[in-house]
Amino acid sequence: MAAELTVPQLSAKHRPTLDQALSAIRSRAYWSPHPEHPKAYGETAPADGLAAFEALRGTRIDLGQPGTDGWTGAEKSPYGPELGVEYPHVDPDVLLPAMKAGMAAWRDAGPEARALVCIEILARISARTHEFAHAVMHTSGQAFMMAFQAGGPHAQDRGLEAVAYAYEEQTRVPGQADWSKPQGKKDPLELGKTFTAVPRGIALMIGCNTFPTWNGYPGLFASLATGNPVLVKPHPRAVLPLALTVQVAREVLAEAGFDPNLVALAVERPGEGIAKDLAVRPEIKLIDYTGSTEFGDWLEANARQAQVYTEKAGVNTVVLDSTDNYKGMLANLAFSLSLYSGQMCTTPQNLLIPRDGIATDAGHKSYDEVVADLAASVGGLLGDDARANALLGALVNPDVKTRLEAAAGLGEVALASREVTNPEFPDAVVRTPVMVKLDAAKPDPEAPFLSECFGPVSFAVAVDSTADALDLLRRTVRERGAMTVGAYTTSPDTERALEEVCLEESAQLSLNLTGGVYVNQTAAFSDFHGSGGNPAANAALCDGAFVSNRFRVVEVRRQA
């Protein structure tokens with residue numbers, strides 16, 4: 001297979017990026033090679049990206065994959081329009097052997113070549129960020145700017161971060177070594193040794209509906225960079241962004257002289273549910289999954305032949321003890337509760353507030369005052385429909401709407417949800433968040449705040465004291481897991497106690513956020529998304545453990 005892209009060409013182009021990424025994961029300082037601002041992509045990029053997306057609608061994306069036995073696709077935008085894109089439906093008995101055929105050459109290319117090819121894939125995706133943004137928007141329901149940033153540069157950053165960790169872990173052991181053991185007066189024992197990072201096998205990446213690229217790219221690129229072919233199984237409502245990703249990856253692999261079948265797409269017919277069948281096939285050695293706890297638990301229990309990485313549901317909590325910036329606290333929490341209609345795995349759900357209130361720079365505030373002021377802050381943030389649409393996006397599926405409507409019957413409503421009209425997309429289902437007042441003192445093993453209620457729903461939970469809040473925090477993290485924990489306190493003792501709970505229960509903690517950084521946002525190369533240490537996720541994005549078990553090191557010893 002003739003290579004149009006050579007390793008020296010790729011090295012000249014991308015080795016500086018790889019080196020900067022390696023430096024960033026070691027320093028944890030801010031860095032990103034992917035611009036966040038739409039204008040950074042050129043004056044015509046917005047129009048070109050929209051035109052490219054519109055040109056995809058009603059078409060068939062033919063990837064030239066082996067085993068294609070038909071066509072499928074039934075995506076409907078949460079904003080209303082049918083996408084009408086068809087994708088290849090595959091016979092895994094044909095596709096999976098074809099994917100394995102290219103493994104040896106991909107393995108032999110070595111960690112650096114694999115990393116450089118992955119970075120070229122990301123660079124080409126980055127150049128099409130505007131197009132991808134519309135694809136993410138119209139499959140996830142994210143508002144355009146969020147789809148642009150989270151589905152574009154932030155997702156690309158997470159993919160590159162995984163590539164950097166993969167390279168770092170694979171090159172930790174030298175490729176060869178000369179071994180000599182002294183034997184006194186006898187000649188030394190001498191061996192030549194080589195060490196090769198070898199892939200585990202085919203990786204299955206099971207995509208999610210809400211963040212198809214952001215949650216998909218870490219596993220995809222971690223597996224590919226460590227030598228494994230990757231079969232991408234998108235969520236049936238969010239195929240397009242990952243189909244475009246697979247298309248780009250196959251093009252780059254072919255141009256670099258590798259088998260394009262190292263990356264392939266598996267799209268299911270409506271109601272087919274192929275993920276379970278694929279997950280237990282003996283060829284599948286790695287699985288990445290983001291979604292419900294129920295299916296994540298099933299994968300962990302049943303896909304015994306594979307190393308399974310899951311991000312599941314959790315109960316994210318904010319403890320309100322005290323603050324020296326009451327206005328900033330309210331504004332920060334209001335934004336966190338509103339962003340993407342609360343449809344983020346990191347969105348706060350439980351707000352634990354002492355029933356006697358909290359100390360603030362604006363004077364003592366009772367529980368009722370804190371709740372009322374926060375409700376007013378959310379209402380003010382979303383009072384203008386144009387701004388509300390830009391923050392909320394659309395509800396991703398009918399299940400979220402059902403949960404939102406049911407939440408109002410769980411307790412006293414402190415903030416009622418309202419319907420927002422999107423003039424550009426009148427069929428979009430847009431709702432502001434609901435906030436419900438609950439009391440932790442009322443014993444109820446089925447209390448709503450003890451389980452996840454995914455969507456724009458939050459519970460203002462009255463607790464007897466901050467100490468009781470910490471006990472409830474510990475319980476929910478231990479039993480249900482949490483992707484994020486937030487807290488506001490001016491007390492050093494309370495801060496230490498909060499840290500101790502989160503250290504013991506392996507939960508990521510954000511303290512006293514009152515500015516432009518929010519508890520439900522994490523930055524690649526610096527922040528860890530999840531910890532892998534509580535029930536919400538068994539892996540962190542991204543650390544060495546996320547990549548190191550995707551390959552093994554095989555040693556060959558030769559007599560010198």
Side-chain angles (χ1 to χ4, degrees), residues 72 74-75 78 89-90 92 96 139-141 202-220 222-223 230-239 241-242 265-316 342-347 349 395-403 450-455 476 479-483 529-541 546 549-550:
T72 186
E75 290 160 294
H89 184 276
V90 296
L96 293 176
T139 51
S140 71
I202 298 175
L204 174 66
M205 195 281 280
I206 303 173
C208 71
N209 194 174
T210 48
F211 288 88
T213 55
W214 198 98
N215 277 109
Y217 284 5
L220 192 166
S223 290
V230 183
L231 180 59
V232 176
K233 205 299 289 183
H235 190 284
R237 293 193 185 102
V239 179
L242 292 177
L265 185 72
V267 183
E268 61 194 86
R269 297 188 176 105
E272 187 178 10
I274 62 174
K276 280 189 174 183
D277 293 335
L278 289 171
V280 296
R281 289 187 66 111
E283 303 97 326
I284 301 299
K285 300 301 183 184
L286 299 162
I287 298 174
D288 287 275
Y289 168 75
T290 299
S292 71
T293 296
E294 180 183 16
F295 190 57
D297 289 346
W298 185 93
L299 287 169
E300 291 170 0
N302 291 278
R304 305 301 294 273
Q305 85 293 347
Q307 179 72 29
V308 180
Y309 301 88
T310 60
E311 181 188 312
K312 302 176 288 190
V315 177
N316 300 321
Q343 298 171 123
M344 303 173 69
C345 61
T346 50
T347 299
Q349 174 182 297
L395 299 188
V396 68
N397 60 54
D399 292 340
V400 176
K401 182 172 178 282
T402 299
R403 281 192 294 272
L450 294 178
S451 58
E452 185 189 45
C453 186
F454 183 77
T476 53
E479 295 179 0
R480 301 293 185 174
M483 296 300 293
H529 176 76
S531 70
N534 69 64
N538 71 2
L541 304 180
F546 186 68
N549 214 17
R550 296 173 191 262

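No donor-acceptor distance shorter than 3.5 angstrom exists from the side chain of Thr72 to the backbone of His89, with no hydrogens or angles considered. Under a 3.5 Å cut-off, the side chain of Glu75 and the backbone N or O of Val239 do form a donor-acceptor pair. No donor-acceptor pair closer than 3.5 Å links the side chain of Asp297 to the backbone N or O of Glu300. For Gln305 (side chain) and Ala279 (main-chain N/O), a donor-acceptor pair under 3.5 Å exists by modelled atom type. When atom types are taken as modelled, the side chain of Asn209 and the backbone of His235 share no donor-acceptor pair closer than 3.5 angstrom. Using modelled atom types, one side-chain atom of Gln343 and one backbone atom of Val396 make a donor-acceptor pair closer than 3.5 Å. The backbone N or O of Gly533 sits less than 3.5 Å from a side-chain atom of Ser531, completing a donor-acceptor pair. A donor-acceptor pair is defined here as one N or O able to donate and one able to accept, closer than 3.5 Å; no such pair exists between the side chain of Glu272 and the backbone of Val267. Proximity of a side-chain donor or acceptor of Glu268 to a complementary backbone N or O of Gly273 within less than 3.5 Å is detected.
Between Arg550 and Asp288 there is a salt bridge, with a side-chain nitrogen of the basic residue lying less than 4.0 Å from a carboxylate oxygen of the acidic one.
When all heavy atoms of Ala303 and Val308 are compared, the pair lying nearest together is O-CG2, 3.9 Å. Closest approach of Ala222 to Phe546, counting heavy atoms only: CB-CE2, 3.8 Å. When every heavy atom of Phe454 is checked against every heavy atom of Gly342, the shortest pair comes out as CE1-O, 4.5 Å. Summarising the geometry of Pro78 relative to Gly141, their closest heavy-atom pair is CG-N, 3.5 Å, with the distance given to 0.1 Å. Nearest heavy-atom pair across Gly481 and Pro535 is CA-CD, 3.7 Å. Between Ala482 and Ala536 the shortest heavy-atom distance is N-CB, 3.4 Å.
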Worked verdict on Met483 versus Met344 for side-chain contact (heavy atoms from CB on, under 4.5 Å): CA-CA 10 Å; Met483 296 300 293; Met344 303 173 69; over 6 Å; no
From CA spacing to verdict: side-chain contact (heavy atoms from CB on, under 4.5 Å), Phe295, Thr310: CA-CA 10 Å; Phe295 190 57; Thr310 60; over 6 Å; no
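Leu286 contributes atom CG, which lies 12.0 Å from atom CG of Leu231 (distance to the nearest 0.5 angstrom). Interatomic distance, OG of Ser223 versus NZ of Lys285, reported as 14.0 Å (0.5 Å rounding). Separation of atoms OG1 (Thr139) and CZ (Phe211) is listed at 11.0 Å; rounding is to 0.5 Å. Here the straight-line distance linking atom OG of Ser292 with atom CG of Asp399 works out to 11.0 Å at 0.5 Å rounding. Atom CD of Glu283 is separated from atom CG of Leu278 by 9.5 Å, given to the nearest 0.5 angstrom. If you take CZ on Arg480 and OG1 on Thr293, they are separated by 8.5 Å, rounding to the nearest 0.5 Å.
Residues that satisfy the side chain to side chain donor-acceptor pair (under 3.5 Å) test with Gln307, not counting sequence neighbours, are Asn549. Taking the side chain to side chain contact (heavy atoms under 4.5 Å, CB included) definition, one finds that Lys401 meets it with Leu395, Glu405, Val429, Arg431, sequence neighbours left out. His529 pairs by the ring-ring contact (aromatic ring centres under 6.0 Å, His included) definition with Trp214, not counting sequence neighbours.
Contact of the Ile287 side chain with the Ile206 side chain is registered, since non-hydrogen atoms from C-beta on lie closer than 4.5 Å. Contact of the Leu242 side chain with the Met205 side chain is registered, since non-hydrogen atoms from C-beta on lie closer than 4.5 Å.
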